[in-house]
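Just so you know, ligand 1 is whichever comes first in the structure, and atom 1 is the first atom listed for that ligand.
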Amino acid sequence: MRDIVRVELGSRSYDIVVGPGVLAEAGRLIAGVVGKRRRLIVVTDQTVAKQHLTALQHALDREGLADGGPAVILPPGERTKDFDHLEQLLDALLGRGLERSTVLVALGGGVVGDLVGFAAAVALRGVDFIQIPTTLLAQVDSSVGGKTGINSRHGKNLIGAFHQPRLVLADTQVVNTLPRRDVVSGYAEVVKYGLIGDPAFFEWLERHGTAVVAGDQDARRHAVRVSCRAKAAIVGADEREAGVRALLNLGHTFGHALEAACEFNDTLSHGEAIAIGMVLAFDLSAMLGLAPAADALRVRRHLFEIGLPTGPGDVPGLPWCPEHLLAHMTRDKKVNDGQISFVLARGIGQAFLATDVDTADILKVLES
Ligand code: GLY
């Protein structure tokens with residue numbers, strides 16, 4: 001079974017194909033979008049290459065797609081998303097004779113997708129690329145919507161470009177090869193869509209979230225499809241984050257501060273940080289009398305049941321100082337004219353953007 005979600009962006013519209021076994025059909029699906037004659041260069045990382053590169057190459061060969069030479073294989077991990085690796089990647093691509101008609105294929109998680117997307121945006125002033133996300137987090141978030149980029153010593157994702165892929169292939173079975181912690185972390189971003197604007201989806205997740213994480217393919221396909229549909233609608237309405245797209249930052253203001261406090265190391269994954277951030281955003285909303293306390297409790301309970309941390313105390317080794325976290329928040333790129341922008345909620349599925357949150361209230365919720 002396959003689901004297709006369309007991202008409507010005029011001449012830059014594209015499909016997200018979701019389902020188990022999509023990787024094996026990558027050749028046919030890619031040929032359907034870019035044809036068979038354009039050279040493809042696959043870029044992946046060492047971990048993903050071991051698990052999925054052969055399957056992808058077979059799928060491309062079966063359709064007789066033009067071979068752009070051996071895949072470029074990067075080191076795994078967040079550290080790869082930097083200037084040095086961008087330069088190495090661009091060198092490797094140009095060394096392989098990259099042309100305007102060449103299509104890059106990003107096979108991997110968020111790091112590979114963001115870096116390859118950015119390389120595609122700047123190489124020869126822009127070439128086409130295709131996303132084949134292999135983590136749950138990348139399937140429901142980073143591979144969709146055209147945000148590409150690298151980190152700088154000043155912070156995460158501070159250098160980048162909006163560059164939409166031509167196609168996204170989300171194979172829900174591929175996620176089974178990930179460690180459980182990675183699947184659970186990606187799940188936090190799935191929950192986010194329910195909390196932003198879809199209370200019925202959140203209710204569905206309360207009943208089926210365990211199956212989504214355990215690898216039940218029907219449940220996972222449904223969760224990825226609904227998440228991608230929600231993201232596609234938001235991106236279609238506000239590609240460059242002038243308004244509604246900022247709702248996708250639910251939990252991210254607190255979450256990024258927590259990640260920064262951990263110096264973006266393994267103590268806390270992005271999804272775990274977002275889970276805590278969403279709990280704090282709902283706690284803050286309840287504390288301000290905006291959302292029912294019962295909804296904040298439901299959010300906390302569901303994330304806990306799935307195995308996500310719901311507070312800093314759940315993460316051994318997390319440096320926890322409210323004042324420091326607040327300082328990180330004021331340095332975040334979501335700060336405008338000195339105001340921290342927060343996504344708050346009037347209840348589950350009713351998120352909204354607030355720019356007038358008092359820092360005293362932020363501190364109070366952090367301290368509680
Ligand atoms: N990950 C948030 C966004 O794509 O806007």
How about CZ on Arg181, more than 12 heavy atoms from neighbouring residues, nucleotides or ligands closer than 6.0 Å, or not? yes
Indicate the ring-plane relationship of His270 and His256, choosing parallel, tilted or perpendicular according to the 30° and 60° boundaries. tilted
Exactly one of Leu178, Leu56, Val174 should register a side-chain contact (heavy atoms from CB on, under 4.5 Å) with Thr134. Which one does? Val174
Contact set, ligand 1, heavy-atom distance under 4.0 Å, ordered by chain/number, equals Asp141, Lys147, Lys231, Glu241, Arg245, Leu248
Can you see whether Thr44 engages His52 through a side-chain donor-acceptor pair at a distance of less than 3.5 angstrom? no
Looking at Phe352, is Arg346 sitting on its ring face, NZ or CZ under 6.0 Å from the six-membered ring centre and within 45 degrees of the normal? yes
Under 4.5 Å between side-chain heavy atoms, counting indirect links through other Ile/Leu/Val/Met/Phe/Trp/Tyr residues: same cluster for Leu158 and Leu248 or not? no
